[in-house]
2 protein chains.
Amino acid sequence: MQVPNQLSAFIQEGDKWFLPSVSLDCVILGFHDNQLKVLLLKLKHSAVWALPGGFVLKEEDTETAAARVLKERTGLQDIFLQQFHVFGAPNRSDGSIHRKGFLKSGIEPSPDNFLFQRFISIGYYALVDFAHVTPFPDENSSECVWKDIHEIGSLMMDHNEILDKALETVRLQLNHQPIGYNLLPQKFTMPELQTLYETILDKQLDRRNFHRKMNAFGILKRLKETRKGGAHRAPFLYSFDMRKYQKALKQGLNGGW
Amino acid sequence: MQVPNQLSAFIQEGDKWFLPSVSLDCVILGFHDNQLKVLLLKLKHSAVWALPGGFVLKEEDTETAAARVLKERTGLQDIFLQQFHVFGAPNRSDGSIHRKGFLKSGIEPSPDNFLFQRFISIGYYALVDFAHVTPFPDENSSECVWKDIHEIGSLMMDHNEILDKALETVRLQLNHQPIGYNLLPQKFTMPELQTLYETILDKQLDRRNFHRKMNAFGILKRLKETRKGGAHRAPFLYSFDMRKYQKALKQGLNGGW
DNA sequence: AATTGTTTGTGTTGTTCTGACACAATGATA
DNA sequence: TATCATTGTGTCAGAACAACACAAACAATT
């Protein structure tokens, strides 16, 4: 089954294709310039930024639906994708946003249009290699860009809450999920990994202790290459030893009991 | 808005009251006889055990809906309740179970009955003080009882998966949520707390190290009383110092970075 | 009332982990 | 070749941890 590609198909036939009441929103995170980025888009005829979202096809798994939305916005497949929370407040979805969009497009929607109902939303976060992504808008959105997570203003509906919850979840799961692996390119330096940790934890870490502790986990392979070009001493490149990484994550990277 | 109390109202008017496509299931956990228990019920005309579940009223918050289900089965209010996962496989819900129930009740359901549609399910887990709960069945179920988590057989639909995921979540959140506080009575002994930890973690812990570490967290108040009556040395009673407990949980009880 | 069996409370010891710090090595730039 | 910022490595004291021993308490038995 294919997703309808035309706006008009959405408008007139939403309830023909999709599961009612259920939507999903994706917090797509990348790491670039030593900063965490999130993919946002701006709906046509709307002034505010929003998380990319979508609906679940009638015969589709919710995870598959999230992967589909991710692919539509980034072109990426087989990406680390994780549901983290359901947002189920009765007044969270706001049909008036779509209503205005319709009117500005010169369309007169039916009062019981699919988009006007109440939706709960399943939040997913995705971790992607920034360099592999070219964000592009769809026919419903005018812009699709990476935004620094420290420069997010007011988002549509409850999307600020969704984003915050995603970041909180990533922080809590840092020792249990391969977060470094998914956000960094295959080869990376120790200072880059440290900055990633510092950004996620929003906390400064001691460079030398970080180095020692990371090596102690035994999850990194130090390559023979260094990253030249910076104005200073060239740091070694590392990559993850996935077998040991996965094994270590099961215990949690920091033990506990 | 009140929930319909009669089975017939569910059957004939489900889509009048409830949000379509969305259900929820509750993993209600208690601690008794040094073992973790889960509340299960058996649907009328069905041989298998199931988790208590329900639906979301059209204007109701999903959290409120879960609290309502919890209250219906246990009589308890203001309980620690936490969503942990959404189960969204397209074939997970099984209308034929309800169909059989209808037939055995001598009812001829409409083919487009509310219960026959596809449902995703939001999983919630609740932690309750075992002593405060008297499980009782509703008009849809014939039995409602506490079961030891090690003596669970095959449950209805994907409820084994839901239960397993709940237990896994509790284990992962042990250092971040007030799990001891919610599962134990207000006064408890150190050995009881340790057994709770051992049961959740499915791992033996050293009695003396556990004692020392727990005290080091500073989240316990040792009372002047002891628990007499056991055949051996009477252990001290403790209670949680909630202010310090909450504060400690924010960092996570075991640090990490 | 003394003895016994089992459990609880507390302490010790050697090892590992942690946080705070110093210094030498490196690579581009001046 | 000197400079400068950054990276790699090392040290050291204090904290945390695992493994272990022993005394105190309680009820049941004699």
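Just so it is clear: chains get the letters A, B, ... in the order the sequence lines come, proteins before strands, and each one is counted from 1.
In this entry the distance linking CE of A:Met214 with C1' of D:dT9 reads 18 Å, nearest Å. The separation between B:Arg233 atom CZ and D:dC22 atom C1' is 12 Å, rounded to whole Å. We find that NZ of A:Lys228 is positioned 15 Å from P of D:dT7, with the value rounded to whole Å. Across the protein-nucleic acid pair, A:Phe210 atom CZ and D:dT9 atom P stand 15 Å apart, rounded to whole Å. We find that CG of A:Leu237 is positioned 13 Å from P of D:dT7, with the value rounded to whole Å. Following rounding to the nearest Å, A:His232 (NE2) and D:dG8 (P) show an atom-to-atom distance of 13 Å.
A:Ala234 comes within 4.0 angstrom of the backbone, heavy atoms only, and of no base. Across all strands, A:Gly230 comes closer than 4.0 Å only to sugar-phosphate atoms, never to a base (heavy-atom distances). B:Arg227 comes within contact range of no nucleotide atom at all, as no heavy-atom separation falls under 4.0 Å.
Taking a cutoff of 4.0 Å between a charged side-chain nitrogen and a carboxylate oxygen, A:Glu161 and A:Lys165 do not qualify as a salt bridge. Ion pairing of A:Asp164 with A:Arg171 is absent here, as no side-chain N (NZ or NE/NH1/NH2) approaches a carboxylate O to less than 4.0 Å.
Annotation: the span from A:Leu36 atom CG to A:Leu196 atom CG amounts to 6.5 Å, rounded to 0.5 Å. Note: B:Asp25 CG to B:Leu51 CG = 5.5 Å, rounded to the nearest 0.5 Å.
Not counting sequence neighbours, the partners of B:Tyr125 by the side-chain hydrogen bond (donor to acceptor under 3.5 Å, both in side chains) test are B:Gln173. Judged as a side-chain hydrogen bond (donor to acceptor under 3.5 Å, both in side chains), and not counting sequence neighbours, the contacts of B:Glu225 are B:Lys187.
Between B:Ser121 and the options B:Met157, B:His85, B:Arg92, a side chain to side chain contact (heavy atoms under 4.5 Å, CB included) holds for only B:Arg92.
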Every protein N/O lying under 3.5 Å from an N/O of nucleotides 10-17 of chain D:
unit_1 : atom_1 : unit_2   : atom_2 : d
D:dC17 : OP1    : B:Lys213 : NZ     : 3.4

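In the interface, the side chain of A:Arg207 is paired with the base of D:dG8 through a donor and an acceptor atom under 3.5 Å apart.
Against DNA chain D, the stretch residues 172-181 of chain A makes no heavy-atom approach under 4.0 Å.
Mapping B:Trp257 and B:Tyr238 onto DNA chain C by nearest heavy atom places B:Tyr238 at the nucleotide closer to the 5' end. The nearest heavy atom of DNA chain D to B:Gly229 and to A:Pro191 marks one nucleotide each, and the one closer to the 5' end goes with A:Pro191.
For D:dG8, the OP1/OP2 oxygens have a side-chain nitrogen or oxygen of A:His211 closer than 4.0 Å.
Counting non-hydrogen atoms of neighbouring residues, nucleotides and ligands closer than 6.0 angstrom, the CZ atom of B:Phe84 exceeds 12 such neighbours. Around atom CG of B:Asp202, no more than 12 heavy atoms belonging to other residues, nucleotides or ligands sit under 6.0 Å away.
Residues B:Asn209 and B:Arg212 bring a donor and an acceptor atom of their side chains to less than 3.5 Å of each other. Using a 3.5 Å distance cut-off with no hydrogens or angles, the side chains of B:Tyr238 and B:Glu192 do not pair a donor with an acceptor.
When DNA chain C is scanned in the 5' to 3' direction for atoms under 4.0 Å from non-hydrogen atoms of chain A, the outermost contacting nucleotides are C:dT18 to C:dA28.
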Could you go through residues 245-257 of chain A and list every donor-acceptor pair under 3.5 Å that involves a side-chain atom there, pairing it with any protein atom two or more places apart or in another chain?
unit_1   : atom_1 : unit_2   : atom_2 : d
A:Asn254 : OD1    : A:Lys213 : NZ     : 3.3
A:Trp257 : NE1    : B:Asn175 : OD1    : 2.8

